[in-house]
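Remember, predicted model here, so these are calculated numbers, not experimental data. Here, residue 1 is the first one in the sequence, and each next residue gets the next number.
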Amino acid sequence: MKSNLKNIAVLTSGGDAPGMNACIRAVIRTGIYNGLNMFGVMQGYQGLIDNNIKPMDARSVSNILHMGGTILKTARCLAFKEEEGMELAYKNLKAKDIDGLIVIGGDGTFTGAKRFGEKYGVNVIGIPGTIDNDLYGSDFTLGYDTAVNTIIEAIDKIRDTADSHDRLFFIEVMGRDSGCIALRTAIASGAEAVLLPEKETSLKELISKLKDGVNTKKSSSIVIVSEGNKYGGAYDIAKSVKRKFTHYDTKVTILGHLQRGGSPSGFDRILGSRLGYAAVNEMIKGETMQMVGLRGNEIKLTSLEEALNIHSYKLEADLLEMTHVLSI
Ligand code: ADP
């Protein structure tokens with residue numbers, strides 16, 4: 001069944017992620033190509049409440065494909081969690097006759113979109129945009145690939161200085177609930193050890209691994225610490241290790257927000273374009289309350305309900321084993 005949509009709005013919400021601009025561009029241009037009127041909402045759900053909703057044309061998304069961040073800005077908007085906030089958002093959309101909303105964000109954003117769609121009957125499609133790669137129904141989320149590459153580049157630079165001074169570096173990367181980023185960046189940067197939220201590694205085990213490195217004449221060691229590790233952050237772990245293991249000069253680097261920024265990788269530009277294009281086409285076909293995601297090499301729909309309720313990431317045993325075997 002084809003919908004009678006005329007006006008669609010797009011917003012970015014929650015944590016920003018590289019590739020969001022490529023995705024916004026695809027949404028706006030696919031809509032215009034199909035004869036729809038397109039709108040951009042500023043600052044996520046806050047812009048819906050504040051009526052900060054702008055008409056967009058094909059030129060308003062020129063020259064943004066390569067830019068990190070999001071031209072629509074993003075925000076964490078507590079007011080949208082309240083009934084009054086949602087109602088105001090709905091009234092503002094209705095006043096402009098907007099009956100379709102495309103949201104780019106993570107699980108918080110999807111939770112809001114689902115509530116909003118259920119309550120007011122607005123057509124809603126979600127696009128997974130978060131560096132965390134933690135949504136069921138998409139093998140990759142927008143921004144994850146760029147973040148992994150950014151982290152690897154930073155660790156390579158740290159390795160140069162670590163090697164020159166015989167240093168032990170603890171590098172903290174993002175991933176409060178998921179070790180997906182930490183595990184992959186550990187493999188790609190040849191880290192000596194990785195500490196993950198999903199897996200307990202005892203300090204004894206870690207120190208023994210680092211001692212092996214010294215005994216086999218490693219001139220530096222790098223330990224990747226996922227921010228959600230049970231021993232706390234990289235500083236806490238470094239302190240505990242330092243007390244028991246004095247061989248190296250120990251340093252800590254928290255990569256922090258640089259992991260979110262930067263020009264999107266080729267992969268994220270293509271993924272953002274595909275997901276944006278698919279989101280509009282699916283909405284035109286009459287789909288709602290769905291997320292568009294990449295599975296295999298195909299764009300597939302997953303209901304927002306499933307995307308939110310099924311916990312997607314499980315540490316891969318072979319990758320885990322590799323972090324050990326390949327760093328001897
Ligand atoms: P992310 O989308 O990256 O997970 P957040 O968890 O911060 O980021 O969520 C983004 C926004 O989604 C929140 O600031 C809020 O406006 C909205 N949101 C989150 N949870 C809900 C909810 N239960 N009901 C309504 N809106 C929500």
Side-chain angles (χ1 to χ4, degrees), residues 15 17-19 106-107 128 130-159 162 168-210 212-213 218 220-238 241 252-260 262 265 267-268 271 293-295 310-328:
D107 55 355
T130 162
I131 66 166
D132 296 337
N133 206 26
D134 59 353
L135 284 162
Y136 176 80
S138 195
D139 297 344
F140 297 100
T141 57
L142 203 48
Y144 161 76
D145 181 69
T146 306
V148 165
N149 282 297
T150 302
I151 295 166
I152 292 166
E153 201 184 322
I155 300 172
D156 287 348
K157 288 177 179 161
I158 291 169
R159 177 72 84 176
L168 165 61
F169 263 88
F170 291 86
I171 303 175
E172 188 176 299
V173 302
M174 281 187 177
R176 189 156 290 123
D177 305 310
S178 161
C180 183
I181 287 181
L183 183 55
R184 278 155 182 79
T185 51
I187 290 171
S189 64
E192 276 61 35
V194 56
L195 302 180
L196 305 158
E198 297 91 340
K199 184 183 175 283
E200 262 192 47
T201 306
S202 69
L203 282 181
K204 212 169 134 204
E205 228 178 298
L206 175 62
I207 289 166
S208 147
K209 173 83 186 173
L210 294 171
D212 286 348
K218 281 201 179 228
S220 64
S221 282
I222 284 181
V223 179
I224 307 291
V225 182
S226 188
E227 63 183 337
N229 189 265
K230 102 178 226 295
Y231 295 104
Y235 276 110
D236 297 324
I237 294 165
V241 170
V252 175
T253 300
I254 312 281
L255 291 182
H257 283 84
L258 76 79
Q259 297 166 88
R260 283 193 187 284
S265 64
F267 183 88
D268 277 329
L271 182 62
L294 183 72
R295 278 192 256 152
I310 303 181
H311 201 70
S312 63
Y313 184 64
K314 289 197 178 58
L315 284 182
E316 298 87 345
D318 57 334
L319 297 193
L320 208 53
E321 174 78 4
M322 276 166 63
T323 61
H324 185 65
V325 174
L326 303 187
S327 64
I328 56 170

What heavy-atom pair brings [X] and [Y] nearest, and what distance separates the two atoms?
X: Pro18; Y: Ile131; value: CD-CG2, 3.9 Å
X: Val194; Y: Ala182; value: CG2-O, 3.8 Å
X: Phe140; Y: Leu271; value: O-CD2, 3.9 Å
X: Glu192; Y: Ser327; value: O-OG, 3.5 Å
X: Val225; Y: Gly233; value: CG1-C, 4.4 Å
X: Asp132; Y: Cys180; value: O-CB, 4.5 Å

If I take atom [atom1] from residue [X] and atom [atom2] from residue [Y], how far apart are they, to the nearest 0.5 angstrom?
X: Ser202; Y: Leu195; atom1: OG; atom2: CG; value: 10.0 Å
X: Leu255; Y: Ile158; atom1: CG; atom2: CD1; value: 5.5 Å
X: Arg176; Y: Glu227; atom1: CZ; atom2: CD; value: 4.0 Å
X: Thr130; Y: Met174; atom1: OG1; atom2: CE; value: 10.0 Å
X: Asp145; Y: Asn133; atom1: CG; atom2: CG; value: 9.5 Å

Are side-chain heavy atoms of [X] and [Y] found at a separation under 4.5 Å?
X: Thr150; Y: Gln259; result: no
X: Ile207; Y: Val241; result: yes
X: Arg159; Y: Ser220; result: yes
X: Leu196; Y: Leu320; result: yes
X: Val223; Y: Leu210; result: yes
X: Asp107; Y: Leu135; result: yes

Point to revise | Salt-bridge present (Glu205, Lys209; N to O < 4.0 Å) | key: no
Exercise for review: Could you tell me which residues satisfy side chain to side chain contact (heavy atoms under 4.5 Å, CB included) with Glu316, sequence neighbours excluded, listed by chain and number?
Suggested key: Leu183, Arg184, Tyr313, Asp318, Leu319
Check your understanding: Side chain of Ser226, backbone of Gly175: donor and acceptor closer than 3.5 Å?
Key -> yes
**Study point:** Thr185 side chain vs Ile152 backbone, donor-acceptor pair below 3.5 Å
**Key:** no
Point to revise | Any donor-acceptor N or O pair under 3.5 Å, side chains Asp268, Thr146 | key: yes
Exercise for review: Would you please say whether a donor-acceptor pair under 3.5 Å links the side chains of Ser265 and Asn149?
Suggested key: no
Practice item. Please lay out, stage by stage, how Ile224 and Ile155 fare under the test side-chain contact (heavy atoms from CB on, under 4.5 Å). Key: CA-CA 9 Å; Ile224 307 291; Ile155 300 172; 3.4 Å; yes
Review point. Can you list the steps and then say if Ser178 with Asp134 is a side-chain hydrogen bond (donor to acceptor under 3.5 Å, both in side chains)?
Key: CA-CA 7 Å; Ser178 161; Asp134 59 353; over 6 Å; no
